[in-house]
Amino acid sequence: MAPETTTTPANAESSANPSPPTDIEQARALFDQYIVVPTKAIFESTLPPRETYAVNDYNVPAEGGEILVRCLVPVVEDEQETFPVLVYIHGGGMCVGNVELDDYPLRCWCVRNKLSVVIVDYRLAPEHPFPIPINDCHAALRWTASNTSLLKADLSKGFIVGGHSSGGNLSAALAHMARDDPFFEGRRLTGQFLREAGTCHHDAYPDKYKSKFRSMEENKDQLPITKEKLEQVYEWYNAPPSDPRFSPLLISSHEGLPRAYFQAAGLDLLRDDSIVYAEVLREAGVKVKLDLYPDASHGFHFDSPTISRDVEEGLRWLLNRTS
């Protein structure tokens with residue numbers, strides 16, 4: 001599939017700032033200026049009528065503190081109607097980004113798909129390094145399962161975890177954690193939404209698959225995420241490369257995971273993280289759907305109508321609303 005070729009917010013940021021900032025506050029300011037604000041502007045005109053959904057923020061207890069979650073719930077004529085739920089984790093290398101990044105497109109998904117959405121504002125590295133972000137997301141996932149009435153949710157209709165880039169990485173790890181957590185007995189995850197997700201640190205590729213991980217070198221200088229930039233955020237996150245909570249590909253068994261929808265970009269250095277991980281999940285008996293965009297780079301989805309349409313088809317597949 002070839003998405004429309006336009007200038008993305010991600011590429012605009014990288015063109016203006018080709019070298020990775022070494023100061024985290026500068027990195028966050030640039031990310032907000034060149035990614036968050038333009039992305040909201042792109043999607044503002046597509047927002048559904050305000051009366052068709054409710055927005056509420058809640059504080060969720062987490063180890064050593066609390067985090068914010070933003071909840072989007074469809075408003076429909078039948079007040080007793082319940083919905084599937086998506087727990088969404090934003091990207092930004094676990095170092096930048098916040099609930100505002102994908103807020104507007106998620107409002108559209110909420111209304112068009114009759115889907116409650118929980119956006120997780122996990123704490124960020126380097127102030128809150130590994131494993132704090134993954135533990136925060138685990139707390140948010142548990143909170144969601146315990147607060148279905150607030151969300152008008154019925155988890156039997158669908159309970160999906162997903163995100164973009166580092167949010168996809170956290171989601172892939174969370175799928176394993178939830179599978180192995182007795183807390184979720186009777187309310188298991190039913191789907192994973194993994195968009196341009198990193199699934200294994202490049203210093204921890206297993207020998208069995210090492211030859212298939214070519215994109216890290218092929219695309220190491222490709223904007224907007226170069227290998228140099230990636231290594232900077234990995235340094236801030238400070239996760240051991242072989243820890244399965246950071247490199248979920250390395251987990252010994254992937255059996256029993258929920259179905260997974262992937263989006264991968266051909267010019268992304270993380271391309272093969274999706275392709276190899278999808279292969280591994282298939283081998284473990286997990287249902288997989290993968291959309292690959294050969295001419296796209298990391299973050300292209302922010303203003304590509306083609307990819308946006310595919311996203312909602314992928315969501316419908318995760319919800320068993322299509323073949």
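Keep in mind that the numbers below use all heavy atoms, side chains included, and drop hydrogens, waters and symmetry copies. These numbers come from a predicted model, not from an experiment.
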Test of understanding: clusters of I, L, V, M, F, W, Y form through side-chain heavy atoms closer than 4.5 Å, transitively. Do [X] and [Y] belong to the same one?
| X | Y | result |
| --- | --- | --- |
| Leu30 | Val37 | no |
| Ile251 | Tyr277 | no |
| Leu292 | Leu267 | no |
| Val75 | Leu150 | no |
| Val111 | Ile119 | yes |

Any donor-acceptor N or O pair under 3.5 Å, side chains [X], [Y]:
| X | Y | result |
| --- | --- | --- |
| Glu217 | His202 | no |
| His138 | Asp181 | yes |
| Asp291 | Tyr261 | yes |
| Thr226 | Lys220 | no |

Qualifying residue, where the test is ring pair (Phe, Tyr, Trp, His ring centres under 6.0 Å) with Phe193 and the options are Trp317, Trp109, Phe262: Trp109
His164 and Tyr88: aromatic ring centres closer than 6.0 Å? no
Between His201 and Tyr234, is the ring centre distance below 6.0 Å? yes
Taking Arg179 for its side chain and Glu255 for its backbone only, find out whether a donor-acceptor pair lies under 3.5 Å. yes
So does Trp143 get a backbone contact from the side chain of Asn147, meaning a donor-acceptor N/O pair under 3.5 Å? yes
Ring pair (Phe, Tyr, Trp, His ring centres under 6.0 Å) between His90 and Tyr122, worked out: CA-CA 9 Å; His90 69 79; Tyr122 55 94; 4.5 Å; yes
Can you measure from [atom1] ([X]) to [atom2] ([Y]) and round to the nearest 0.5 angstrom?
| X | Y | atom1 | atom2 | answer |
| --- | --- | --- | --- | --- |
| Leu47 | Lys40 | CG | NZ | 9.0 Å |
| Ile134 | Leu170 | CD1 | CG | 5.0 Å |
| Thr82 | Leu151 | OG1 | CG | 11.5 Å |
| Asp121 | Asp103 | CG | CG | 11.0 Å |
| Leu194 | Ser274 | CG | OG | 7.5 Å |
| Cys110 | Phe83 | SG | CZ | 8.0 Å |

Min side-chain heavy-atom separation [X]-[Y] under 4.5 Å:
| X | Y | value |
| --- | --- | --- |
| Tyr209 | Glu279 | yes |
| Asn98 | Asp32 | yes |
| Ile35 | Leu101 | yes |
| Lys157 | Thr190 | no |
| Phe159 | Thr144 | yes |
| Phe213 | Asp272 | yes |
| Val120 | Val99 | no |
| His298 | Ser165 | yes |

Considering residues, nucleotides and ligands other than Glu63, do more than 12 of their heavy atoms fall under 6.0 Å from its CD? no
Within 6.0 angstrom of Glu51 CD, more than 12 heavy atoms from elsewhere: yes
Tell me every residue that passes side chain to side chain donor-acceptor pair (under 3.5 Å) with Tyr237, counting only those two or more places apart in sequence or in another chain. none
Between [X] and [Y], does at least one N-O distance fall below 4.0 Å, as a salt bridge requires?
| X | Y | answer |
| --- | --- | --- |
| Glu100 | Arg70 | yes |
| Glu81 | Lys114 | yes |
| Arg271 | Asp268 | no |

Asn113/Glu312 under side-chain hydrogen bond (donor to acceptor under 3.5 Å, both in side chains): CA gap, chis, key distance, verdict: CA-CA 8 Å; Asn113 297 283; Glu312 299 204 41; 2.8 Å; yes
Taking the six-membered ring of Tyr53 (Phe, Tyr or Trp), confirm whether the NZ or CZ of Arg50 is under 6.0 Å from its centre and within 45° of its axis. yes
Run the side-chain hydrogen bond (donor to acceptor under 3.5 Å, both in side chains) test on Arg259 and Asn320 for me, step by step, so that the C-alpha distance in whole Å, both residues' side-chain angles and the decisive distance to 0.1 Å come before the verdict. CA-CA 10 Å; Arg259 59 172 52 194; Asn320 280 308; 3.1 Å; yes
Evaluation steps, side-chain hydrogen bond (donor to acceptor under 3.5 Å, both in side chains), between Tyr293 and Gln263: CA-CA 8 Å; Tyr293 306 92; Gln263 286 193 331; 3.1 Å; yes
Going by the side-chain contact (heavy atoms from CB on, under 4.5 Å) test, name the single residue among Val87, Val161, Leu189 that passes it with Leu174. Val161
